[in-house]
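Shown next, in C-alpha cells, is the structure this report addresses.
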Amino acid sequence: PLEPPLRHLVHMFLWGLSAVFLFAFASLYVQIPGLYGNEGILPARYQMRFTGKTLLELLRDSPTLLWLGPRLGLNTQQGMELICLLGVLLSFGAMVMNPLRDSLVFFCLWALYLSVYQVGQVFLYFQWDSLLLEVGFLTVLVAPLNLLRQTPSRHHDAITFWLIRWLLFRLMFASGVVKLTSRCPTWWGLTALTYHYETQCIPTPLAWYAHQLPVWFQKLSVVATFIIEIPAPFLLFSPIRSLRLGAFYLQVLLQILIILTGNYNFFNLLTIILCFSLLDDDHINFWLGGFWKSKQTTSWSQAALSWTAFLIALTVYVFVAYWATVYFGLEINWEKKSLSSKTEFTYYQFNGFLKTVIASSIWLGLLSLFWEVVTTMLRCASVQGIFWKLLSIAQWAIFASAAATMFAISLVPYTYIEYESSSSIWPSVRKAYGTVERYQLVNSYGLFRRMTGVGGRPEVVIEGSMDKNSWTEIEFMYKPGNLSSPPPFVAPHQPRLDWQMWFAALGPHSRSPWFYSLVHRLLQGKRDVIALIQLEESRYPFGKQPPAFIRAHLYKYWFTEPNEDGSHPQQWWRRQFVEEFFPAVYLGDPVLDSLLSQHGLKDKVQMRERPETLVPRVLRLIREHVRTLSGPLVLWSLFSTAVAICLVKGLFSMPPRDSKCEPSPTEPKSRKTEDTAPPGAQGDKLQKDSESPHRPAEGDGGKNSQRSPRKQK
C-alpha cells in the first residue's frame, strides 16, 4: 500500500499527549494562588514589566499571552488561571473528540504552556516542562489539520514521526551519558540505586521495598539502566522492525519501574508516549487481538527475509549482552547465588568513546532522516490524479524542510554533552538556535546526573512557635517529614513546593531565595500558601493563628530496616539532626526584611483593584469550587471523566453484530461522492467491488441475482 501504516498510531499518540497536557495544566492550576498569586511565594506580577513598549515588542522579548491580561481586565494571577483553564478545556476536548486532535489545537496548547512557563521562575524550570514544550511543538507538525475536510493521504506522517523518534533518542542517550561524564562515584561504582530509592524527591511506598533488595541486584539494575539508556537508543533507527520493537519494550519497562518507585509527575508518561514513535498500526492491531485475524500466508522470499531479520536481531542482542559482560565485569557466583559486576573501563576511555559515538549518531540520524524523506517522496509520486499528486508533493516539501530544520537546530543542545562535538557545529546553526531558544523548541537533557544524599537524605523541617520556647513541626502533605507517614502516590500531579524543598536541602538557604518568601508568607498566615503545605486546616498546627516565630532545621533521613521476622516496621523513616538551616525569625525581623529586599521579594504596593467584570467573576467562582480539592483528586477526576466519555462513545459507535454493510436495494447511488472522493477512497471501493463478483447490481432490487451468468454479463 502507498499509505504508511500510521493512522491509528497517530491518533493514539495525540490522545496520549492530550492527557499529558491535561495533567500539566490541571496540576499547575491548583497551585497558582500559593506559588504565583499576589500573596504567593513568587508573585508572577513581578515578572510582568510594562515599560511602554508595543505588544509585539513585549511578545518578542517575553513570549507570553499574559501581556493580554490588562486588555481583558485581568491581573497576572487571573491571567495564569485563565490560561490553565483554557489548556484544561482544550486538552480535555482533544481527548474526547477526534476533530479536536488538530494541529491548531496543539499549537494553542503549546502557546498556552509557554505563556505560563515564561513567568514560572524556579517552580517551572524542570526538564520535563521543557520536554513538554518541545513535544508540543513537534506535535503541531504531527497532528492533522482537520479544518480541511477532504485531504489526500498523509504520506508525510513518517517524516514528522521521525522527529519524535529523534527527540526520544536525544533524551535517553543524553540521560545515560551524563551519568558517566559527571564522574559521580556512585554511578561509576554501580551503587547508585542503593541510595536512589530513599533519596529521590518524593518516593512511593514501593520504593521502601525496592530499597531492601540485595546489593548485587541493585548493581545489576544500574548495568541494565546503562544498557537501556546508552546502546539501546541506537536501535530506534534500525531498519529491522523487531529491533525497534525491542527498543520500545526496553524503554517502556524502564519508565514503568520508575513510575512504581518514584513520583515524577507526567514525565514518565510523556516518555512512554514518545516511545509510540517506534510502533506501527500492525503492532497496535496485535495488541487489540487483530493479529491472528489478519494473518496471511507468505511466499518463500518473504519467509527468507523474515528469518534473515530475525538472525540479525538475535546477533545484535548477543553482541549487546557480550559488550555488557565485558565492560561491566558480569560474573555469576554460584556459591552465593549472586551476580558480581564492576566497571571495567576508565573515564578517559569513555570520553574517547563518546567523541566517536556523538559524531556517528549525528550521521546515523541524518541518514535515517534522508531515508524517510526519500521513501515519502516515492509514495507521493505514486499518488493517482494530478491534483492530489501535486498537493502530496507540496506537503512533502514543506514537512521535509521543517524536519531538516528542526534536526539541524537540535544538534546544538544535543552536543552539549561533549565539548569538542559542540564546538564543531556550524555558526549559522548556532545562530538559528539562539533565535528560537526562548520558545523552547529544542532543549538539552540529562536526568539523574549525580546521585545526592549518599550519606543520608537531607531534609528541611520547618518549625513554628508562639513563644520561641515550644516549637511545633509543620508537616507537608507529600514530602517526608513525619517518621510514621508512608510515602504517597501523587503522580501525575507535581507538588512543586515539595520539589523545591528537596532542592533547598541540598545546599545553604542562600541558594534558595524563594525560601525567605515562604517563611514570610507563613508568618503572615496566607491561606493560599498554607494550602500548598496542608490542604486540611486541622492538619496545620497554626490554622487559627499564624506562628509568631519560624525556624528551619536540617535532618538526615533514611529508610527503616525490616524487622527480624521480615515484617514491616511501624515507622517508615529514621532521622538524625544535622544543623540549623534557617534561624528563628518573626514578622518584621530586620534580618528577614533585609533578605527579602535583597532578592526583590519585599511586598510592593498593591495595584488598584479594578471593577470585577464577567471573566474575573467566573474565575473566582471556579477557584472557590476547586480550592478544597487536592491536586491528585482533580487530575484523576478529569482523566477518569474523559476516559468514561471515550468508552461510552466507543460503545454507542460499535455497529450491531448482525448488521450488514451492503446498502439497501432502494438506496440511490451517489455519483457525486465517487467523483470527488480522494484517490485512496476510490481505490478502496474498486477493491471491494472486485472482491465481490456476485454482488447484485444497485438499483435493480436484486433481480439480476436470479438471472443466468450470460444475462448478468
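Counting heavy atoms from C-beta outward, W572 and P205 have side chains that approach closer than 4.5 Å. Side-chain atoms of N38 and R45, non-hydrogen and from C-beta on, do get closer than 4.5 Å to each other. Here the side chains of T186 and L193 are not in contact, with every heavy-atom distance at 4.5 Å or above.
Judged by distance alone, the side chain of T199 and the main-chain N or O of R457 form no donor-acceptor pair under 3.5 Å. The main-chain N or O of I41 is found under 3.5 Å from a side-chain atom of S517 such that the two form a donor-acceptor pair.
Enclosure of atom CZ in R574 by more than 12 non-hydrogen atoms of other residues, nucleotides or ligands within 6.0 angstrom is indicated. By the 6.0 Å contact criterion, OH on Y419 is open, its count of non-hydrogen atoms from other residues, nucleotides or ligands being 12 or less. Within a 6.0 Å radius of OH in Y46, more than 12 heavy atoms belonging to other residues, nucleotides or ligands are found. Around atom OH of Y327, no more than 12 heavy atoms belonging to other residues, nucleotides or ligands sit under 6.0 Å away. Within a 6.0 Å radius of CD in E624, more than 12 heavy atoms belonging to other residues, nucleotides or ligands are found. Residue-environment remark: CD (Q212) exceeds the threshold of 12 foreign heavy atoms within 6.0 Å.
Remark: R623 is positioned above the aromatic ring of Y29, its terminal NZ or CZ atom under 6.0 angstrom from the ring centre and at most 45 degrees off the axis.
Checking Q127, E134, R170 one by one against Y445, the side-chain hydrogen bond (donor to acceptor under 3.5 Å, both in side chains) holds for a single residue, E134.
Ring to ring, F126 and F267 are not that close: their centroids are 6.0 angstrom or more apart. Two rings, from F559 and W573, have their centers less than 6.0 Å apart. Not less than 6.0 angstrom separates the ring centroid of W499 from the ring centroid of W514. Aromatic pair Y516/F582: ring centres closer than 6.0 Å.
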I would like to know whether D528 and R521 meet salt bridge (Lys or Arg N to Asp or Glu O under 4.0 Å); could you show each step before the answer? CA-CA 9 Å; D528 291 333; R521 296 306 186 194; over 6 Å; no

Please lay out, stage by stage, how H196 and F448 fare under the test ring pair (Phe, Tyr, Trp, His ring centres under 6.0 Å). CA-CA 9 Å; H196 165 73; F448 304 108; 5.5 Å; yes

Output, in order, the C-alpha distance, side-chain angles, deciding distance and verdict of ring pair (Phe, Tyr, Trp, His ring centres under 6.0 Å) for H493 and F23. CA-CA 7 Å; H493 174 60; F23 291 143; over 10 Å; no

Only pairs under 3.5 Å count here: list side-chain donor-acceptor contacts from residues 339-349, not counting sequence neighbours, and write none if there are none.
| unit_1 | atom_1 | unit_2 | atom_2 | d |
| --- | --- | --- | --- | --- |
| S340 | OG | E331 | O | 3.1 |
| T343 | OG1 | W188 | O | 2.6 |
| T346 | OG1 | Q349 | N | 3.2 |
| Q349 | OE1 | T346 | N | 3.0 |

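One finds no salt bridge joining E459 and K556 here, because no Lys/Arg side-chain nitrogen approaches an Asp/Glu carboxylate oxygen to under 4.0 Å. Under the 4.0 Å criterion applied to side-chain N and carboxylate O atoms, E537 and K544 are not assigned as salt-bridge partners.
By the 30° and 60° cut-offs, the orientation of the rings of F515 relative to F581 is perpendicular.
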